[in-house]
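What follows is one structure encoded as structure tokens, with my remarks underneath.
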Amino acid sequence: MIDVVELVTRRKEEVKDLDRPLVVVTYAQSIDGCIGADDNAQPLLLSGRESFSLTHMLRNNCAAILVGAGTAANDNPRLAVNADFVALHLHNQEHNQEQQTSQNNIQTNEHNRPNLIIRHPRPVVLDPSLRISLAARLVQLRNSPIVFCAFDPVLSPDLVAKQQALELEHVSVVNMHSFTPDFSLNNKPNPQNPTSSSAINIPAMLFVLKSRFNVDSLMVEGGASIISSFLSLGTRFVDQIIITIAPLLVGNGIRAYSSQIPTSSNFPSTDTSLIFTPHVHLVDPVYHQYGRDIVVSARVYRSTIESARAAAKKSSEFIDFSSIAEQDQPRSDELLIVPDFVPVDVHDALVAAMTHKLSRLMGATYMERHFDGVITGYKEASVSAWGFQASVPDDAISLAQVRDALKARIPDDTAMAMVIRWIEASTEAVISQQQQLLSNSSNSSNSNQKISWLPPHILELRAPTFQTPSGIGPHVDHLGAFGAKIAGVCLGSDAVMRFAQKDDPSRSFSALLPNRCLYFQCGSVRFNYTHEIPVDPAQHVFKNVFIERGRRISVLIRDSHPTQ
Ligand SMILES: NC(=O)C1=CN([C@@H]2O[C@H](COP(=O)(O)OP(=O)(O)OC[C@H]3O[C@@H](n4cnc5c(N)ncnc54)[C@H](OP(=O)(O)O)[C@@H]3O)[C@@H](O)[C@H]2O)C=CC1
Ligand SMILES: Nc1nc(O)c(N)c(N[C@@H]2O[C@H](COP(=O)(O)O)[C@@H](O)[C@H]2O)n1
């Protein structure tokens with residue numbers, strides 16, 4: 001069975017080209033899931049000697065170790081490597097190996113004894129309002145600590161003075177004020193609420209750690225708010241989780257992971273019938289016994305979107321109006337989201353066809369910035385040869401015909417025109433169905449509205465990283481060039497789309513566009529709202545849940561302007 005430390009070393013290799021360090025979340029909990037006794041209590045001793053020795057071996061193998069302001073204040077940790085524990089770990093490991101080799105009747109080799117080299121990781125503290133004491137052990141130990149804060153220097157001269165005092169103690173202080181996620185902007189710091197006030201933007205912080213401080217591996221020890229914040233970001237920002245489970249029942253204690261991350265007044269709590277069950281799945285778990293403790297090591301996966309799909313039956317469940325007053329909300333037929341619009345096999349073929357077309361037209365490199373500054377990290381093209389006028393019959397096209405058209409590895413323009421006509425006709429059917437529902441008349445005719453669609457526009461956004469971001473800034477589609485209807489087919493990745501009133505951007509709401517969905521906007525959502533696919537990964541949030549975005553292709557169809 002693969003050793004826990006060896007697994008971390010392997011993961012380092014896997015993520016070495018990313019613009020963030022390897023992230024390993026490591027903590028100790030009681031069997032009933034608590035990492036601390038209760039608020040402001042003494043730190044809870046959970047790990048036994050053997051599992052502590054593993055923790056210190058891991059500390060020795062990571063370039064930095066991170067805790068939140070709560071842990072720094074409560075535990076006053078050293079965040080250093082205890083050489084005795086490392087020696088104990090190596091001794092135990094050797095002993096186990098010897099047992100194995102003697103069982104296998106193989107001679108042990110004295111020269112295999114590992115050397116004991118101690119490297120203290122750099123302590124990192126996420127401390128928005130510089131609560132840390134100058135006398136804190138991790139400051140006084142001088143292992144080059146880094147403190148990330150997030151305050152406005154103009155509004156807080158006292159914190160500027162504290163920053164200078166920390167710097168005199170050889171602490172590197174990084175102010176992430178300009179990177180705070182906008183959903184957490186709130187001028188009143190609230191210690192109970194990690195996403196309120198100036199919570200540190202974790203993706204941005206990771207980028208700074210790697211690019212400025214050359215930190216290639218980070219151990220995240222806690223506490224509860226920090227663990228929850230990291231885990232809520234999912235697979236893109238957590239590579240491995242290592243949990244020590246101690247044989248203890250705490251009862252009323254601090255739980256390591258809370259799926260209900262508290263919300264700020266700017267990002268109010270949605271109703272409790274959340275369409276997500278934000279469970280974190282531990283993937284490929286490996287279990288080891290260390291003395292009396294069990295250590296679980298796994299990758300994490302947050303399967304929010306699948307549960308969203310399973311639970312969200314209606315278009316409206318993909319729209320979160322909780323941040324906008326009822327009288328300011330658009331009508332329910334002005335934004336429609338149809339999940340599972342594109343069947344899985346058609347999706348894969350479409351992604352391949354669109355990728356090929358964009359590479360032919362635009363080459364391999366993504367454009368960094370659109371001429372009007374709206375789009376970042378993208379490729380785009382309008383393909384007039386795919387307009388339905390190109391020899392495609394005007395009547396309904398079946399899915400079987402679409403599958404047929406996509407059979408060729410690189411479908412020709414006529415085949416793609418068929419596919420686009422299918423998207424157009426299906427969109428017309430969705431609009432008619434919606435109109436029927438609204439008029440509530442069972443007798444009304446079912447005939448679909450024929451719309452004069454312009455040639456399709458395909459837009460690819462690269463998978464965003466902090467260094468190579470991607471997204472579409474807030475905009476209203478050109479009012480002079482297009483008509484009143486916009487539809488988009490989303491391929492490749494889920495995405496969050498944010499809408500804000502043109503005249504008052506504080507009136508905003510968000511929608512989840514699940515991969516393979518169709519979305520349709522008209523009326524006020526077409527004319528009076530800007531829409532955006534946020535560039536900042538910290539804004540990929542829907543109903544308090546972080547939605548991972550990878551490479552995404554959208555196929556946009558828009559009707560022609562009435563004057564054309
Ligand atoms: N058993 C174990 O392995 C461990 C146990 N612990 C225990 O955990 C407890 C402390 O947990 P807790 O009180 O939650 O404190 P945390 O250590 O998780 O710190 C939370 C604070 O960090 C700041 N912060 C900055 N950015 C973020 C962000 N993006 N997300 C979340 N927080 C952010 C905030 O400070 P501000 O409020 O100033 O804005 C927040 O209140 C202690 O009892 C400690 O003993 C801790 C580590 C390991
Ligand atoms: N692995 C582990 N087991 C426990 O039982 C714990 N209480 C902790 N706590 C973490 O270790 C920090 C204190 O250790 P040092 O002073 O740095 O040696 C504490 O702040 C928690 O992060 N960990």
Side-chain angles (χ1 to χ4, degrees), residues 25-30 33-59 65-82 84-85 120-121 123-132 136-138 141 143 147-151 159 176 179-181 183-184 186 188-206 219-233 237 241-246 248 250 253-258 261-262 264 290 293 295 538 546:
V25 172
T26 313
Y27 60 87
Q29 66 164 56
S30 61
C34 297
I35 61 164
D38 49 31
D39 278 340
N40 304 320
Q42 287 293 308
L44 194 62
L45 185 61
L46 291 150
S47 304
R49 271 173 64 77
E50 292 82 356
S51 55
F52 250 133
S53 67
L54 169 69
T55 303
H56 281 264
M57 188 70 211
L58 289 166
R59 284 184 178 187
I65 178 169
L66 181 147
V67 294
T71 300
N74 196 59
D75 296 10
N76 192 11
R78 290 176 186 80
L79 303 185
V81 178
N82 178 319
D84 291 344
F85 276 132
H120 298 297
V124 177
V125 185
L126 299 194
D127 186 5
S129 42
L130 293 183
R131 290 201 265 145
I132 194 163
R137 286 184 184 134
L138 72 89
L141 272 179
N143 286 327
V147 174
F148 284 93
C149 57
F151 62 86
L159 294 186
M176 301 292 284
F179 286 114
T180 51
F183 61 83
S184 68
N186 183 349
K188 250 194 320 112
N190 174 0
Q192 301 305 315
N193 183 347
T195 58
S196 83
S197 73
S198 37
I200 307 287
N201 178 326
I202 290 174
M205 183 274 303
L206 291 174
M219 201 167 151
V220 176
E221 278 209 352
S225 314
I226 293 292
I227 293 169
S228 298
S229 288
F230 269 86
L231 292 182
S232 69
L233 291 177
F237 298 97
I241 186 165
I242 300 172
I243 309 173
T244 295
I245 303 170
L248 178 75
V250 170
I254 302 171
R255 302 191 71 78
Y257 172 65
S258 159
I261 297 176
S264 77
Y290 284 82
D293 303 331
V295 173
F546 180 80

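The figures that follow rest on heavy atoms only: side chains count, while hydrogens, waters and symmetry mates do not. First listed ligand is number 1; within each ligand, the first listed atom is number 1. All values derive from a computational prediction rather than experimental measurement.
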**Message:** Is the shortest side-chain heavy-atom distance between R78 and L138 below 4.5 Å?
**Reply:** no
**Item:** Gap between atom CG of L66 and atom CG of L126 - 0.5 Å precision
**Value:** 4.5 Å
**Check: I241 and F230 side chains under 4.5 Å, non-hydrogen atoms** = no
**Proximity of Y27 to ligand 2 by residue part, where a heavy atom lies under 4.0 Å** = neither
**Fill in**
Logged contact type for L46 with ligand 2, heavy-atom cut-off 4.0 Å, is both
**Request:** Find out whether L130 and C149 are in side-chain contact, i.e. whether some heavy atom of one side chain is under 4.5 Å from a heavy atom of the other.
**Result:** yes
**ligand 2 contacted by Q29 (non-hydrogen, < 4.0 Å)** = no
**Asked** Short check: is a protein heavy atom less than 4.0 Å from atom 10 (C) of ligand 2?
**Response** yes
**Request:** Find out whether V250 and L44 are in side-chain contact, i.e. whether some heavy atom of one side chain is under 4.5 Å from a heavy atom of the other.
**Result:** yes
**Prompt:** Looking at Y27, which atoms of ligand 1 are within less than 4.0 Å of one of its heavy atoms?
**Reply:** 3 (O)
**Atoms of ligand 1 close to I202 [distance to a heavy atom under 4.0 angstrom, numbered from 1]** = 29 (N)
**Message:** Using a 4.0 Å cutoff against the non-hydrogen atoms of A69, which atoms of ligand 1 qualify?
**Reply:** 19 (O), 21 (C), 22 (O), 35 (O)
**Prompt:** Considering only heavy atoms from C-beta outward, does the side chain of T244 approach that of Y27 to under 4.5 Å?
**Reply:** no
**Prompt:** Once you round to the nearest 0.5 Å, how far does CD1 of I242 lie from CG of L58?
**Reply:** 4.5 Å
**Message:** Side chain, backbone, both or neither: which applies to L44 and ligand 2 if a contact is any heavy-atom pair less than 4.0 Å apart?
**Reply:** backbone
**Item:** Flag side-chain contact, heavy atom, 4.5 Å: E221 against R59
**Value:** yes
**Prompt:** If you measure every N/O of T26 against every N/O of ligand 1, is any gap under 3.5 Å?
**Reply:** no
**Item:** Contact atoms of ligand 1, heavy-atom distance to I254 under 4.0 Å
**Value:** 43 (O)
**Prompt:** What do you reckon, does G70 have a nitrogen or oxygen under 3.5 Å from a nitrogen or oxygen of ligand 1?
**Reply:** yes
**Item:** Atoms of ligand 1, numbered as shown, that sit under 4.0 Å from any heavy atom of S129
**Value:** 38 (O)
**Asked** Are V67 and ligand 1 in contact, using a heavy-atom cut-off of under 4.0 Å?
**Response** no
**Fill in**
d(S51 OG, L46 CG) to nearest 0.5 Å is 9.0 Å
**Request:** From atom 18 (O) of ligand 2, work out which of E221, R59, M219 has a heavy atom at the shortest distance.
**Result:** R59
